[in-house]
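The block underneath contains the structure these notes are about, expressed in structure tokens.
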Amino acid sequence: MAFTSIPHPSPTPEDVRKAAIVDPGFGTVFTDHMVTIDYDADRGGWHSPRIGPREPIALDPAASVLHYAQEIFEGMKAFPHTDGGLALFRPEANAARFNASARRMAMPEIPEELFIDAVTLAVETDANWMPDIDGGSLYIRPFMFASEAFLGVRPAKQYKFVVILVSSGNYFKGGVNPVKIWVSQDYVRAAPGGTGAAKTGGNYAASLVPQAEAITKECDQVVFLDAVEKKWVEELGGMNLFFVRRDGSVITPPLTGTILPGITRESLIAMLRADGLEVREEPYSIDQWRAEAESGDLLETLACGTAAVVTPVGTVASPDGEFTIGTGGIGQMATKMRTKLVDIQHGREPDGHGWVMRV
């Protein structure tokens, strides 16, 4: 598909843009443009791809997304390289996961090539919003929602696909430091047969109350247990977990349909195995977590995701008390894996996996 380019009538002045990206934080400094593509089942599917000014989206009050929550999204980044170019990290994996989410939410799939073309065009257009800071990136948010106006419980026939960008620094305000997490005992993130494996807004909405509870307990994040037995560790509000053990093995909870299949998670598994470590995808209980932390059999716990990359978990708190993992600091594995992954993403280390796509 050929994209129509709509001129921006008033792009952000250069001095304002440069000031905004000096210390952008995460999630608030938006770039000038956005990509949109429409879908209409009665018109044969996807049509009218375009890039133009980032602006409000007009919605009918009866738009299906407002009533029946057909909505999905992705999170990915563009990284600066030392030669001045930019690169995406595993965009085909994001495209595939986006379509898996679409299938679960009864939404149309978008051709993977079109998804990647839309992301690439957005990055190329607003490349000058890349912050020149350590850990700086362009965070990319592709999303799709049901736009058809009707009241009735059925899949919509009309959708809108959009890509917006955010100039970003570190996800956590304190930078790369161990986080303290709260074990949610009254709430679950997902149940078997539900939408836990889809990247849809409702999963994150469900995490907000327990996340707020975690904040009141002076914790950075909330960790969820399974919905059936309330004993198996699943994931944080937006990150997957790895448990690094003294015997040289690494455990990460398995993808049983209630956990989001993280692309950073998948990448870490490949990197750890390439280093000769045994990585097992198997259930890990909260009791085992506490016992192995207290005995010293657990050396580190790593949280990972696109936004936070690799972040060490230092302390775990619950109504039953707290326990510390290792020394409570930044462990060797967290440092090694984060450095290696970031260096691959920025082109400072050879990409032996074929993950990096130059823009």
Side-chain angles (χ1 to χ4, degrees), residues 64-75 93-94 96-107 109 143-146 153-156 179 181-217 219-243 251-266 269 280-290 301-308 313 316-320:
S64 180
V65 65
L66 302 177
H67 303 271
Y68 308 112
Q70 276 189 290
E71 180 272 346
I72 59 173
F73 65 96
E74 269 300 316
N94 289 100
R97 187 172 66 178
F98 192 81
N99 281 335
S101 296
R103 290 191 295 272
R104 179 61 185 87
M105 301 301 291
M107 302 170 74
E109 296 182 43
F143 62 100
M144 176 169 57
F145 61 89
V153 183
R154 62 160 174 80
V179 294
I181 60 178
W182 175 256
V183 181
S184 179
Q185 296 186 333
D186 297 324
Y187 302 95
V188 297
R189 177 187 171 275
T195 60
K199 200 165 178 66
T200 183
N203 294 339
Y204 295 82
S207 75
L208 297 180
V209 168
Q211 175 64 32
E213 180 182 56
I215 297 300
T216 65
K217 304 297 182 181
C219 294
D220 302 291
Q221 273 279 330
V222 61
V223 60
F224 292 100
L225 305 180
D226 73 290
V228 179
E229 298 181 76
K230 298 288 187 72
K231 63 180 288 188
W232 303 108
V233 179
E234 295 210 322
E235 64 177 288
L236 303 188
M239 291 179 279
N240 297 117
L241 288 169
F242 285 80
F243 305 94
I251 295 174
T252 188
L255 303 179
T256 59
T258 58
I259 294 175
L260 182 72
I263 293 165
T264 306
R265 172 189 182 276
E266 183 181 312
I269 290 174
R280 301 198 303 273
E281 298 180 67
E282 65 183 34
Y284 193 84
S285 71
I286 183 63
D287 292 337
Q288 182 179 1
W289 196 0
R290 179 187 293 274
T301 297
L302 314 180
C304 69
T306 297
V313 176
V316 180
S318 75
D320 298 324

_Ile263 side chain reached by Asn94 side chain, heavy atoms, under 4.5 Å_ = yes
*Taking side chain to side chain donor-acceptor pair (under 3.5 Å) as the test, write out the residues that go with Arg104, two or more places apart.*
none
*Output yes when Glu74 and Lys199 qualify as a salt bridge under the 4.0 Å nitrogen-oxygen rule, no when they do not.*
no
_Once ring-ring contact (aromatic ring centres under 6.0 Å, His included) is applied, do any residues pair with Phe145, and if so which ones, sequence neighbours excluded?_
none
*Please determine, by modelled atom types, if Thr195 and Asn203 share a side-chain donor-acceptor pair under 3.5 angstrom.*
yes
_Parallel, tilted or perpendicular, judged at 30° and 60°: which one describes the rings of Tyr284 and Phe243?_
parallel
*Candidate pair Glu71 and Met144, rule side chain to side chain contact (heavy atoms under 4.5 Å, CB included), full reasoning*: CA-CA 6 Å; Glu71 180 272 346; Met144 176 169 57; over 6 Å; no
*For the residue pair Lys231 and Leu225, establish whether any side-chain heavy-atom pair is separated by less than 4.5 Å.*
no
*Val313/Leu241 under side chain to side chain contact (heavy atoms under 4.5 Å, CB included): CA gap, chis, key distance, verdict*: CA-CA 9 Å; Val313 176; Leu241 288 169; 4.3 Å; yes
*Residues Arg189, Glu235: salt bridge by 4.0 Å N-O rule*: yes
*Between CE of Met239 and CG of Leu302, what distance do you get to the nearest 0.5 Å?*
11.5 Å
*asked:* Do Arg154 and Tyr68 make a side-chain contact, defined as non-hydrogen atoms from C-beta onward lying under 4.5 Å apart?
replied: no
